[in-house]
Protein chains: 2
Amino acid sequence: MNKQRLTSTLNKAKQVCLEHGRKFTIQRKQILQILLTTDVSLSAYELVSCYKLRTSSSVSVMSVYRILRFLESVNLVRRLNSANKYIAYDTGRERCKDDLSLFLICRHCQKVETLTVSQSDVATLFPHFAEVGFTSQTTQFEMLGVCNECQAKIA
Amino acid sequence: MNKQRLTSTLNKAKQVCLEHGRKFTIQRKQILQILLTTDVSLSAYELVSCYKLRTSSSVSVMSVYRILRFLESVNLVRRLNSANKYIAYDTGRERCKDDLSLFLICRHCQKVETLTVSQSDVATLFPHFAEVGFTSQTTQFEMLGVCNECQAKIA
DNA sequence: TTTGGTATGTTATAATGTATCAATTGTGCT
DNA sequence: AGCACAATTGATACATTATAACATACCAAA
C-alpha cells in the first residue's frame with residue numbers, strides 16, 4: 001500500500017469512526033496503520049511490539065484489545081479465528097453490505113489474501129443449508145494453505 | 001446417538017487407530033466417547049471435567065491435548081477454530097476423502113450441525129481462487145449463527 | 001463548572017495451549 | 001520369564017491469548 005493510498009484509507013477510517021460518533025484517536029490510528037502497512041496478520045501482543053518500534057511511544061495490551069474490538073465493531077479490522085490474529089479490513093474495495101470475505105492465509109509467509117463472495121453464492125454452494133434451517137451470522141471464511149509465491153519457492 | 005450406534009462407532013474408531021499403528025487406549029476411548037455423546041463442542045478443560053464426572057477417574061489437561069491432537073491426526077476429531085473447542089468427527093456418514101465439512105454452530109444452544117461439500121463445489125464458488133493461485137489445505141468451514149430450534153424459541 | 005460519555009491506564013486473573021522430562025505401560029523378542 | 005524398546009501418560013512449568021474490574025484522564029455539552 002503506497003503512501004497516498006494509506007493516507008486516503010486512514011481518512012476514510014476517520015470518517016467511519018466519526019459516523020459512529022466515536023473518535024479516531026492517535027492510538028487507534030497507529031494500530032490501524034500498522035495493520036494496513038503489513039500483509040500478514042498480527043496478534044495483539046505483536047501489535048504492542050510494533051507500536052513501540054514505530055512510534056517510540058507505547059500502548060498497553062489491554063488498550064490494544066480494546067482498540068481492536070472497537071475497530072472490529074466498525075468493520076475496519078477483522079479477526080482471524082484460525083490464527084488468533086488481526087488484519088485491517090480494506091474499505092477501499094467495492095463490496096455489497098452483506099458480502100462475505102474469504103481469507104486465504106499462507107502457512108509459509110503468513111500473508112493474507114482477501115476474496116469476496118456474495119451471500120447468494122454461498123446459498124448456492126450449500127443447498128442443504130435451507131433444509132437445516134440455520135440462520136448464519138457469519139461474515140467470513142478462512143482457508144489455510146500455500147500462496148503461489150511460496151508454492152514456487154518450495155517446488 | 002443410541003447405544004448400539006455408539007458401540008459400532010467406537011469399534012470403527014479402534015480400527016482407524018490400529019490401521020495407523022496406534023493404540024485405542026482407555027483414555028482415548030473415553031475422550032472420544034464423551035465427544036460422541038454430546039451435540040455441543042467441548043474445550044480441553046471441559047473434557048477434563050466431564051472425564052472426572054463420568055469415569056470417577058481423571059486425566060491431566062496435557063493428556064487431553066495430546067489425545068485430541070492424536071484423534072485429530074486420524075480424523076476422528078475436529079477442532080473448531082472459532083470456539084477453541086472440539087467435536088467428534090462422524091465416521092459413520094459417507095464422505096469422499098477430500099470433501100470439506102461445513103460446521104453450523106448455534107450461538108444459543110452451542111449445538112453443532114455438520115454438512116458436507118465437495119472440493120469441486122468449493123472451486124465453483126470461488127472462481128477467483130484459481131487466479132490467485134492459492135493451494136488450499138483447509139478441510140472445514142465454520143459458520144456461527146442460530147439453529148432452527150433456537151430461532152423458534154426466540155420468535 | 002459540573003456532569004456524562006468516551007477513552008486509556010493498571011493490576012489481576014482466566015482461558016487456552018506448549019515444552020520438557022520423568023514415569024509407566026505394553027509389546028515383541030530372546 | 002526377563003529384557004529392550006516404543007508408545008503413552010503424568011507432572012510441572014511456562015507461554016500465549018484474552019477478559020474483568022476499577023481508577024483516571026479527557027472532552028464536549030448543559
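Lettering of chains follows the sequences in order, A, B, ..., and the numbering in each one begins at 1.
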Using a cut-off of less than 4.0 Å, is there contact between a side-chain N or O of [X] and OP1 or OP2 of [N]?
| X | N | value |
| --- | --- | --- |
| Tyr86(B) | dG17(C) | yes |
| Asn84(A) | dT16(D) | no |
| Thr25(B) | dT8(D) | no |
| Ser60(B) | dA11(D) | no |
| Gln27(A) | dT8(C) | yes |
| Tyr45(B) | dA15(C) | no |

Determine whether [X] and [Y] make a side-chain contact, defined as any pair of heavy atoms from C-beta on separated by less than 4.5 Å.
| X | Y | result |
| --- | --- | --- |
| Ser41(B) | Phe103(B) | no |
| Glu46(A) | Val40(A) | no |
| Thr138(A) | Glu142(B) | no |

Sugar-phosphate, base or nothing in reach of Phe70(B), heavy atoms under 4.0 Å: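 Here Phe70(B) touches no strand at all.
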Sugar-phosphate, base or nothing in reach of Phe24(A), heavy atoms under 4.0 Å: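 Counting heavy atoms under 4.0 Å across all strands, no contact is made by Phe24(A).
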Distance, rounded to the nearest Å, where [X] contributes [atom1] and [N] contributes [atom2]:
| X | N | atom1 | atom2 | value |
| --- | --- | --- | --- | --- |
| Leu80(A) | dA18(D) | CG | P | 11 Å |
| Tyr65(B) | dG10(D) | OH | P | 16 Å |
| Leu68(B) | dA15(C) | CG | P | 18 Å |
| Asn81(A) | dG17(C) | CG | C1' | 17 Å |
| Ile26(A) | dC26(D) | CD1 | P | 15 Å |
| Glu46(B) | dG17(C) | CD | C1' | 15 Å |
| Arg69(B) | dT8(D) | CZ | C1' | 14 Å |
| Arg22(B) | dG26(C) | CZ | P | 16 Å |

Closest-nucleotide ordering on DNA chain D, the 5'-leading residue of Met62(A) and Ser43(A):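 Nearest nucleotide further toward 5': that of Ser43(A).
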Base dG9(C) to side chain Arg66(A), donor-acceptor N/O within 3.5 Å cut-off: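 Indeed, a donor on one side and an acceptor on the other fall under 3.5 Å apart.
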Pair Gln151(A)-Thr135(B), side-chain donor/acceptor within less than 3.5 Å: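 Yes, a side-chain donor-acceptor pair sits under 3.5 Å.
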Residue mapping more 5' on DNA chain C - nearest nucleotide basis, Ala44(B) or Lys23(A):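 Between the two, 5'-proximity favours Lys23(A).
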Contact summary for Cys50(A) and Leu42(A), nearest pair of heavy atoms: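 Shortest heavy-atom contact: SG-CD1, 4.3 Å.
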